[in-house]
Number of protein chains: 2
Amino acid sequence: MQEDDASEAGRKWRGVSRPQRDAARRHRLLEAGVELFGTQGYAATTVQGLCRQAGVSSRSFYECFSGREEVLETIYLEATRGIERRVMALDIAAGDTAYEIIRRGVQAGVGPMLEDERLGLVLEIEAVGVSPELETRRRQMIAGIARAMDAMMLELIRRGLVPESPPGLIGLVAVGGMTEALVAHLNTPSAVRMPVPEFVDELARVITRMAGG
Amino acid sequence: MQEDDASEAGRKWRGVSRPQRDAARRHRLLEAGVELFGTQGYAATTVQGLCRQAGVSSRSFYECFSGREEVLETIYLEATRGIERRVMALDIAAGDTAYEIIRRGVQAGVGPMLEDERLGLVLEIEAVGVSPELETRRRQMIAGIARAMDAMMLELIRRGLVPESPPGLIGLVAVGGMTEALVAHLNTPSAVRMPVPEFVDELARVITRMAGG
DNA sequence: AATTCTTGAAAATCTGCATTTCCAATGTAA
DNA sequence: TTACATTGGAAATGCAGATTTTCAAGAATT
């Protein structure tokens with residue numbers, strides 16, 4: 001019983017404080033999650049596998065997460081929030097064409113998953129249908145992105161870059177279409193894959209057409 | 001040892017022959033799969049649950065299927081093959097507009113899942129990321145439907161119903177977009193859901209626009 | 001009626017993994 | 001150096017569900 005006084009959590013261990021060590025372990029576990037979920041799949045990944053991959057003991061694991069599922073949820077949430085932020089942060093410079101604007105949006109949306117395909121598979125395949133909770137969040141996230149898309153479309157209309165048209169399902173169809181194309185791309189042997197910039201071009205082209213541009 | 005002679009499998013039981021009884025059990029198990037996978041989700045469904053729902057003993061279960069996964073695979077395969085058949089069978093009557101043709105295609109593609117939403121959830125959510133095998137089949141199926149879509153687009157171009165355009169990702173984006181919209185639709189409380197025919201109209205409209213019509 | 005199928009239900013086993021405990025190694029404070 | 005904190009790894013435990021086996025009752029054949 002000597003933890004109540006001074007130093008609190010300030011004592012260092014191998015140079016780093018307790019919260020720093022915790023954060024590092026947590027980070028390694030999340031990275032392990034991306035690696036294993038993204039290669040073996042969620043179903044085939046065990047807690048022990050995550051621990052081995054991350055170099056963390058199962059005891060420490062349960063100090064960070066309540067279980068496998070929470071690791072996946074955390075990965076999903078952090079990654080998609082980052083993507084959402086990037087999409088929201090797009091500044092639609094005046095003077096651009098509809099295609100240019102949409103292409104930047106597409107790049108922001110699928111870019112991170114093209115750069116790290118493990119992440120793409122985790123977010124678009126492994127995270128599907130895992131639990132009602134995650135499913136709810138996924139649905140909210142998709143709806144949010146679809147709304148952002150619709151907003152972008154309205155902005156394009158306002159600027160006269162595309163003709164007026166009833167709102168409807170465009171945002172949703174665009175999001176679903178992008179992810180389907182993305183997954184197909186990731187599942188294509190890299191030898192015969194379309195180059196990434198070209199892929200994004202093509203995707204932007206289809207969506208622009210859908211918007212009426 | 002008296003099974004080698006006459007009657008073979010011809011002996012009746014409660015009026016039906018062995019193969020008929022087997023088929024009936026199999027059918028009940030598949031129906032139970034649609035019900036439970038579609039309501040509780042695949043992850044939450046056990047073999048015993050399927051047996052109880054179907055009124056089949058676990059012994060008989062293992063005479064029909066190797067396990068839970070095979071039930072899901074079978075449901076997926078049979079349902080999607082049916083849909084694929086319907087899509088392929090569409091006769092593109094001359095004189096129709098691009099929109100009318102596409103609407104029939106959309107109806108064929110998503111109709112069955114709108115009629116039975118459990119089926120929609122099973123095919124589009126629960127079947128995702130379950131196993132590498134099923135994932136492969138899913139991918140093939142999606143690619144097949146995308147190709148059929150692309151073929152339809154080419155046909156529309158040939159008839160001058162839509163302007164010429166490079167092939168590319170349209171089929172894939174259309175398939176992904178439809179399924180995303182479908183899932184969003186199914187997850188909308190039925191009280192505030194758009195009426196089905198209107199939903200299909202809208203979907204067909206978006207896809208027609210994507211095709212350049 | 002006697003005998004032999006067939007079957008659903010229940011019970012017994014088996015298995016894999018989650019979760020907890022234990023332990024030895026290593027680092028830190030005094 | 002001694003006492004203590006922290007941690008990874010191995011071992012112990014517990015459990016939920018899969019798979020197999022057993023059982024009793026109904027149904028068909030003779």
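Only this structure's heavy atoms are used, side chains among them; waters, hydrogens and symmetry mates stay out. On a predicted model such as this, the values are computed, not experimentally measured, just so you know.
- For A/Glu63 and C/dT20, the CD to P distance is 11 Å, given to the nearest whole Å.
- Looking at A/Asp22 and A/Arg25, a side-chain N of the basic residue comes within less than 4.0 Å of a carboxylate O on the acidic one, giving a salt bridge.
- In this structure, A/Arg68 reaches the sugar-phosphate backbone alone: every heavy-atom distance under 4.0 Å involves primed, P, OP1 or OP2 atoms, never a base.
- In this structure, the CZ atom of B/Arg28 is 6 Å from the P atom of C/dG8, given to the nearest Å.
- Note on A/Ser58: every side-chain N or O is 4.0 Å or more away from OP1 and OP2 of C/dT20.
- As rounded to whole Å, 15 Å separates atom C1' of C/dA9 from atom OH of B/Tyr62.
- Cation-pi check for A/Arg68 over A/Tyr42 is met; the charged atom lies under 6.0 angstrom from the ring centroid and within 45 degrees of its normal.
- To the nearest angstrom, C1' of C/dC17 lies 12 Å from CZ of A/Arg52.
- Going from atom CD of B/Gln20 over to atom P of D/dA28 covers 14 Å, rounded to whole Å.
- Per the geometry, CD belonging to B/Gln48 stands 13 Å off C1' belonging to C/dT13, to the nearest Å.
- Between B/Phe65 atom CZ and D/dA18 atom P there is a gap of 15 Å when expressed in whole angstrom units.
- Computed from coordinates, the B/Arg59 CZ to D/dC23 C1' distance equals 10 Å when rounded to whole Å.
- Listed pair B/Arg21 / C/dT7 meets the phosphate criterion, a side-chain N or O lying under 4.0 Å from OP1 or OP2.
- At a threshold of 4.0 Å, the pair B/Glu202-B/Arg205 counts as salt-bridged, since one of the basic side-chain nitrogens sits closer than that to a carboxylate oxygen.
- The salt bridge (charged side-chain N to carboxylate O under 4.0 Å, His left out) check on B/Arg118 picks up B/Glu31, B/Glu35, B/Asp116, with sequence neighbours excluded.
- Contacts of A/Arg25 with the nucleic acid, taken as non-hydrogen atoms under 4.0 Å apart, involve only primed sugar atoms and P, OP1 or OP2.
- A salt bridge links B/Glu135 to B/Arg138: at least one charged side-chain nitrogen sits closer than 4.0 Å to a carboxylate oxygen.
- Both B/Asp22 and A/Thr45 lie close to DNA chain C; mapped to their nearest nucleotides by heavy-atom distance, the more 5′-ward contact belongs to B/Asp22.
- Closest to the B/Ser60 side chain, of the nucleotides D/dG8, C/dG8, D/dA18, is C/dG8.
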